[in-house]
Asks: 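Have a look at this one.
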Amino acid sequence: MLKELCLINSTSGDEGAVRDFIINKIKNFCEYDIDNLGSIIAFKKGNKKPSKKVMLCAHMDEVGFIITDITDDGYLKFSAVGGIDSKVIAGRVVKINNTLGVIGLKPIHLLSNNEAEKAPDSSELYIDIGAKNKEDALQSVHPGDYAYFESDYYEFGDGYIKSKALDDRIGCMLLIELIKNEVEYDTYFCFNVQEEVGLRGALCTSFTVQPDISVVLETTTAADLCGVTGGDRVCVLGDGPVVSFMDGRTIYDKELYNLAMTIAKDNNIKIQTKTAIAGGNDAGAIQTSGKGSKVMAVSLPCRYIHSGSSVVKSSDITETRKLLKAILPKLYD
């Protein structure tokens with residue numbers, strides 16, 4: 001299922017395809033609604049009614065690009081949808097509708113000394129779809145169309161997985177798995193839109209649900225690379241799910257953080273914390289929506305995040321499943 005989810009093209013504002021896939025997977029196991037922004041709010045009836053309302057969520061959108069203009073020569077200008085480093089996109093193959101293109105830039109032998117010493121800005125790049133001119137390009141592409149990394153999903157090495165959109169189709173997969181199994185208590189599950197452009201979907205779904213406790217299933221940046229040591233590695237593939245105490249948007253609930261660490265230790269589950277105060281996720285919107293909510297993020301460590309070649313380790317997915325199974329019953333009291 002993870003491969004199917006990752007290979008669906010659905011960036012912020014264009015989540016229809018992944019939403020349809022998810023609905024097809026969960027429709028026989030829960031009640032659900034689609035809100036006005038396009039997020040899925042699912043309710044799973046449990047064997048007991050809890051004293052606290054618990055919501056689990058993940059976001060459906062991925063980073064990508066939107067076409068802003070077409071030059072007279074038939075090249076496509078674009079802007080990023082979500083945070084994408086321009087250094088990871090030059091030379092990459094992308095798909096717009098059913099048309100393939102290559103993200104190009106000025107050849108190295110034509111660069112000035114100043115241009116050669118810095119990474120190109122996305123405004124200096126273009127997408128080449130092999131069009132003869134603007135009129136030819138307009139047969140396939142129009143401003144406002146989305147472009148996506150054309151990326152294979154494959155497993156390699158010692159249990160590693162490479163794909164686009166691992167952020168956050170892993171979280172979507174885990175939510176689907178939970179919905180398809182029995183739950184002890186009534187639980188809300190939200191698949192949010194537009195996380196990558198400002199946590200917009202989560203603001204709406206959390207206002208609707210008004211949860212007391214929220215768990216965000218995510219991926220987060222790992223820097224366990226050659227030459228990076230200590231806390232600068234942030235988190236490490238193979239060391240289990242990441243439970244954060246703080247990031248760029250959220251100070252997480254201390255009791256929930258401690259609960260996760262204790263349960264992991266008691267059940268011999270691998271777990272780690274994020275050693276950098278950076279980034280953010282839907283918890284930043286959920287925490288202050290409506291009457292407010294206690295929040296916890298459980299994230300998969302991910303190398304090369306927000307690129308066409310993100311990498312995670314399958315053992316971390318297994319450990320995350322174990323942690324969720326052990327901690328969820330403890331959240332409702």
Asks: Does CD1 in I251 sit with more than 12 non-hydrogen atoms of other residues, nucleotides or ligands closer than 6.0 Å?
Replies: no

Asks: Assess the side chains of T220 and K274: does a donor N or O sit below 3.5 Å from an acceptor N or O?
Replies: yes

Asks: If I compare all heavy atoms of I67 with all of H142, which pair ends up nearest, and what's the gap?
Replies: CB-O, 3.9 Å

Asks: Going only through I, L, V, M, F, W and Y residues with side-chain contacts under 4.5 Å, is there a path from V216 to Y332?
Replies: no

Asks: Given L166, which of I305, L300, V311, L2 fulfils the side chain to side chain contact (heavy atoms under 4.5 Å, CB included) condition?
Replies: L2

Asks: Treat each ILVMFWY residue as a node, draw an edge where side-chain heavy atoms are under 4.5 Å apart, and state whether L203 and Y252 are in one component.
Replies: no

Asks: If you draw a 6.0 Å radius around CD in E255, do more than 12 non-hydrogen atoms from other residues or ligands fall strictly inside?
Replies: no

Asks: Please tell me if the side chains of K48 and D186 come closer than 4.5 Å, counting only heavy atoms from C-beta onward.
Replies: no

Asks: Could you check whether Y188 and T205, counting side-chain N and O atoms only, form a donor-acceptor pair closer than 3.5 Å?
Replies: no

Asks: Tell me, do V236 and Q272 make a side-chain contact under 4.5 Å, heavy atoms counted?
Replies: yes

Asks: Is it the case that the side chains of D85 and Y304 hold a donor-acceptor pair, with the cut-off being a distance below 3.5 Å and no angle test?
Replies: no

Asks: Ignoring hydrogens and angles, state whether a donor on the side chain of S10 or Y148 is under 3.5 Å from an acceptor on the partner side chain.
Replies: no

Asks: Where do K164 and N9 land on the side chain to side chain donor-acceptor pair (under 3.5 Å) test, with the steps shown first?
Replies: CA-CA 9 Å; K164 74 173 184 67; N9 289 333; 3.2 Å; yes

Asks: Give a yes or no answer on whether the side chain of K162 reaches the backbone of E155 with a donor-acceptor pair at less than 3.5 Å.
Replies: no

Asks: Nearest heavy-atom pair of K44 and I179: which atoms, and what distance?
Replies: NZ-O, 2.8 Å

Asks: On a heavy-atom basis, which atom in I26 and which in A42 lie closest, and how many Å separate them?
Replies: CD1-CB, 4.3 Å

Asks: State, with a plain yes or no, whether a side-chain heavy atom of V298 is found less than 4.5 Å away from one of L323.
Replies: yes

Asks: What I want to check is whether the side chains of N28 and K180 have a donor and an acceptor closer together than 3.5 Å.
Replies: no

Asks: Linking I/L/V/M/F/W/Y whenever their side-chain heavy atoms sit closer than 4.5 Å, directly or via other members, would L56 and I286 fall into one cluster?
Replies: no

Asks: Please check if any side-chain donor atom of S214 sits under 3.5 Å from a side-chain acceptor atom of S293, or the reverse.
Replies: yes

Asks: Judged by atom type as modelled, is there a donor-acceptor pair below 3.5 Å linking the side chain of S163 to the main-chain atoms of Y153?
Replies: no

Asks: Any side-chain heavy atom of Y185 sitting closer than 4.5 Å to one from K49?
Replies: no

Asks: For a quick check under 3.5 Å, do H59 and Q194 share a side-chain donor-acceptor pair by atom type?
Replies: no

Asks: Report yes if the side chains of V94 and E150 come closer than 4.5 Å at any heavy-atom pair, otherwise no.
Replies: no

Asks: Under 6.0 Å from the OH atom of Y154, do we count more than 12 heavy atoms belonging to anything else shown?
Replies: no

Asks: Counting C-beta onward and ignoring hydrogens, is there a side-chain heavy-atom pair between D145 and F65 closer than 4.5 Å?
Replies: no

Asks: Look up atom OG1 in T250 and atom CZ in F245, then write down how far apart they are to the nearest 0.5 Å.
Replies: 13.0 Å

Asks: When you check the gap from the basic side-chain N to the acidic O, do D212 and K53 get nearer than 4.0 Å?
Replies: no

Asks: Measure from the side-chain N and O atoms of Q139 to the backbone N and O of A137, and report whether any donor-acceptor pair falls under 3.5 Å.
Replies: no

Asks: Is there a donor-acceptor pair under 3.5 Å between the side chain of T320 and the backbone N or O of D316?
Replies: yes

Asks: Is L5 reachable from I23 through a run of I, L, V, M, F, W or Y residues, each pair having side-chain heavy atoms under 4.5 Å apart?
Replies: yes

Asks: With a 4.5 Å cut-off on side-chain heavy-atom distances among I, L, V, M, F, W and Y, is there a chain of contacts connecting I70 to I103?
Replies: yes

Asks: Any idea which heavy atoms bring D61 and N192 closest together, and the distance?
Replies: OD1-O, 4.0 Å

Asks: For H306 and E62, what are the C-alpha separation, side-chain angles and deciding distance, and is it a side chain to side chain donor-acceptor pair (under 3.5 Å)?
Replies: CA-CA 8 Å; H306 285 196; E62 64 187 283; over 6 Å; no

Asks: So if I apply the side chain to side chain contact (heavy atoms under 4.5 Å, CB included) rule between I170 and each of I161, L175, L217, V312, which one comes out positive?
Replies: V312

Asks: Kindly indicate whether the side chain of R92, heavy atoms from C-beta on, has any atom under 4.5 Å from the side chain of S309.
Replies: yes

Asks: Tell me if a side-chain donor or acceptor on D239 pairs with a main-chain N or O of C235 at a distance below 3.5 Å.
Replies: no

Asks: Looking at every heavy atom in both K313 and G238, which two are closest together, and how far apart are they?
Replies: CD-CA, 3.9 Å

Asks: Going by heavy atoms in the side chains, are R233 and L225 under 4.5 Å from each other?
Replies: no

Asks: Is a side-chain N or O of S151 found less than 3.5 angstrom from the main chain of G308, in a donor-acceptor match?
Replies: yes

Asks: For S314 and G159, indicate whether the former's side chain and the latter's backbone hold a donor-acceptor pair under 3.5 Å.
Replies: yes

Asks: Inspect the surroundings of NZ in K291 and state if more than 12 heavy atoms from other residues, nucleotides or ligands are less than 6.0 Å away.
Replies: yes

Asks: Just checking N36: does its CG atom have more than 12 heavy atoms from other residues, nucleotides or ligands closer to it than 6.0 angstrom?
Replies: no

Asks: Please identify which of these residues, D247, T219, D168, meets the side chain to side chain contact (heavy atoms under 4.5 Å, CB included) condition with N281.
Replies: D247

Asks: Taking S206 for its side chain and A202 for its backbone only, find out whether a donor-acceptor pair lies under 3.5 Å.
Replies: yes

Asks: May I ask you to decide if T99's main-chain N or O and N97's side chain share a donor-acceptor pair within less than 3.5 Å?
Replies: no

Asks: Indicate yes or no for a side-chain donor-acceptor contact from R303 to the backbone of T221 under 3.5 Å, with no hydrogens or angles considered.
Replies: no

Asks: How would you list, by chain and number, every residue that makes a ring-ring contact (aromatic ring centres under 6.0 Å, His included) with Y146, sequence neighbours excluded?
Replies: none

